[in-house]
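For reference, the structure discussed in these notes is given below.
Numbered from 1 within each chain, the chains take letters A, B, ... in sequence-line order.
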Amino acid sequence: MPELPEVETVRAGLERHVVGRTVAVVQVLHPRAVRRDPAGPAGFAAALAGRTLKRAERRGKYLWLTLDDDEALLAHLGMSGQLLVGDPDRPLSPHVRVWITFTDGSPDLRFTDQRTFGHLMMCSLRGDDRVVPEPIAHIAPDPVEAVFDPAVFAARLTRRRTGVKRALLDQSLISGVGNIYADEALWHARLHWARPTETLNRGEVSRLLDAVRGVLTEALKAGGTSFDSLYVNVTGESGYFDRSLQVYGRAGEPCSRCATPIRRDSFMNRSAYSCPRCQPRPRNAHW
DNA sequence: ATTATGTCCTGCCAGC
DNA sequence: TGCTGGCAGGACATAA
């Protein structure tokens with residue numbers, strides 16, 4: 001559930017606290033945390049030990065720490081992943097999956113992940129105009145990065161034959177948007193989540209993209225959204241954008257525009273929150 | 001090829 | 001009290 005604003009908050013924290021430092025010891029406490037790394041836990045740990053972290057970068061919900069011009073440590077937080085920087089003497093929580101110490105002593109870095117959907121891996125960097133980790137070459141640019149092209153997005157979106165929310169959640173079309181900000185952006189744009197993408201006109205696509213950028217930017221200013229202690233920055237603090245949420249998690253509460261109670265629908269074994277009046281269901285809804 | 005669905009995983013909580 | 005089932009859902013493998 002960490003989406004672009006939460007991941008960017010973590011990236012900025014890593015830039016501040018660990019970039020420039022050299023890794024001493026890497027301990028993989030749960031092999032699942034590095035399941036995507038072909039070298040396995042031991043290979044992963046050996047490859048990272050002794051390396052200096054150069055830059056902290058991000059695309060969508062992925063972030064990575066570059067080690068040199070063609071290699072990086074790639075991270076995805078999944079549902080509940082945290083990258084926590086702190087005093088090496090603090091107690092080891094039961095959900096710490098990877099423990100990284102540095103040659104200059106404190107603080108250390110702990111990849112903590114209750115639900116184990118997140119992962120870390122070593123990887124190579126590739127690209128021409130935008131260098132990204134090779135394993136995420138299929139992830140589309142996110143709407144706040146320079147190479148994001150609104151015209152390309154509009155063309156690809158309207159070529160789809162699916163519902164607009166499903167499209168927003170497809171990271172190979174536009175990255176960084178998850179269930180929370182998809183619902184929020186659709187409310188701002190006054191579009192129903194099941195609206196067929198091929199019926200969106202130019203103005204609606206423009207409104208949608210403005211709404212996506214708006215909610216992501218506002219959430220980033222607030223340090224991200226948090227419903228509980230799972231979504232935190234590198235020093236364990238929560239953001240407060242949840243106070244600004246208009247529909248997500250607010251079933252039954254009045255819409256702030258028209259006072260109609262917010263509706264919750266089941267969608268892809270998840271939830272879709274919307275205002276029945278501001279976002280009427282289209283006749284040709286695409287489930 | 002594109003689009004849809006199933007799967008992974010743990011903690012919490014309502015309901016019985 | 002203690003169990004069960006539902007829910008939270010990102011990204012990938014697999015199916016259609």
If you check the [X] side chain, which of [options] turns out closest?
X: A/Arg166; options: B/dG11, C/dG10, B/dA4; result: B/dA4
X: A/Asn179; options: C/dG10, B/dA4, C/dA8; result: C/dG10
X: A/Arg32; options: B/dC9, B/dT3, C/dG10; result: B/dC9
X: A/Tyr273; options: C/dA8, B/dG11, B/dC9; result: C/dA8
X: A/Thr162; options: C/dG10, C/dA11, B/dT3; result: B/dT3

> Should the pair A/Arg11 and A/Trp64 be classed as cation-pi, given the thresholds of under 6.0 Å to the six-membered ring centre and 45° from the axis?
Replying inline: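 Checked: cation-pi criterion not met.
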Looking at [X], does any N or O in its side chain come under 4.0 Å of the phosphate oxygens OP1/OP2 on [N]?
X: A/Ser271; N: C/dA8; value: yes
X: A/His76; N: C/dC12; value: no
X: A/His95; N: B/dT10; value: no
X: A/Arg264; N: C/dA8; value: yes
X: A/Tyr181; N: C/dG10; value: no
X: A/Gln171; N: C/dA11; value: yes
X: A/Arg36; N: C/dC12; value: yes

> In terms of the angle between their ring planes, are A/Phe148 and A/Phe153 parallel, tilted or perpendicular, with boundaries placed at 30° and 60°?
Replying inline: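 Geometry flag for A/Phe153 against A/Phe148: tilted rings.
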Rounded to the nearest Å, what distance is computed from the [atom1] atom of residue [X] to the [atom2] atom of nucleotide [N]?
X: A/Asp142; N: C/dA11; atom1: CG; atom2: C1'; result: 17 Å
X: A/Met268; N: C/dG10; atom1: CE; atom2: C1'; result: 10 Å
X: A/Asn269; N: C/dG5; atom1: CG; atom2: P; result: 17 Å
X: A/Arg159; N: B/dT2; atom1: CZ; atom2: P; result: 9 Å
X: A/Leu4; N: C/dG10; atom1: CG; atom2: C1'; result: 14 Å
X: A/Met79; N: C/dA8; atom1: CE; atom2: C1'; result: 5 Å
X: A/Phe117; N: C/dC12; atom1: CZ; atom2: C1'; result: 11 Å
X: A/Lys165; N: B/dA4; atom1: NZ; atom2: P; result: 14 Å

> Can you tell me if A/Trp99 and A/Asp108 form a side-chain donor-acceptor pair at under 3.5 Å?
Replying inline: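 Indeed, the side chains of A/Trp99 and A/Asp108 share at least one donor-acceptor pair under 3.5 Å.
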> Will you find, in the side chains of A/Ser124 and A/Asp70, an N or O donor that is under 3.5 Å from an N or O acceptor?
Replying inline: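 There is no such pair between these side chains.
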> Would you find more than 12 non-hydrogen atoms of other residues, nucleotides or ligands less than 6.0 Å from A/Asp87 atom CG?
Replying inline: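 For A/Asp87, atom CG is crowded (more than 12 foreign heavy atoms under 6.0 Å).
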>> Under 4.0 Å between a side-chain nitrogen and a carboxylate oxygen: does that hold for A/Asp128 and A/Arg130?
In response: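 Salt bridge absent between A/Asp128 and A/Arg130.
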> DNA chain B: A/Arg161 or A/His30, which has the more 5' nearest nucleotide?
Replying inline: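 By nearest-heavy-atom nucleotide position, the 5'-most residue is A/Arg161.
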>> For a quick check of understanding: with a heavy-atom distance under 4.0 Å over all strands, which category does A/Phe267 fall into, base, sugar-phosphate or nothing?
In response: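 Counting heavy atoms under 4.0 Å across all strands, no contact is made by A/Phe267.
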>> Using a distance-only criterion (donor-acceptor N/O pair, under 3.5 Å, no hydrogens), is the base of C/dA8 paired with the side chain of A/Arg270?
In response: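 In this structure, the two groups form no donor-acceptor pair.
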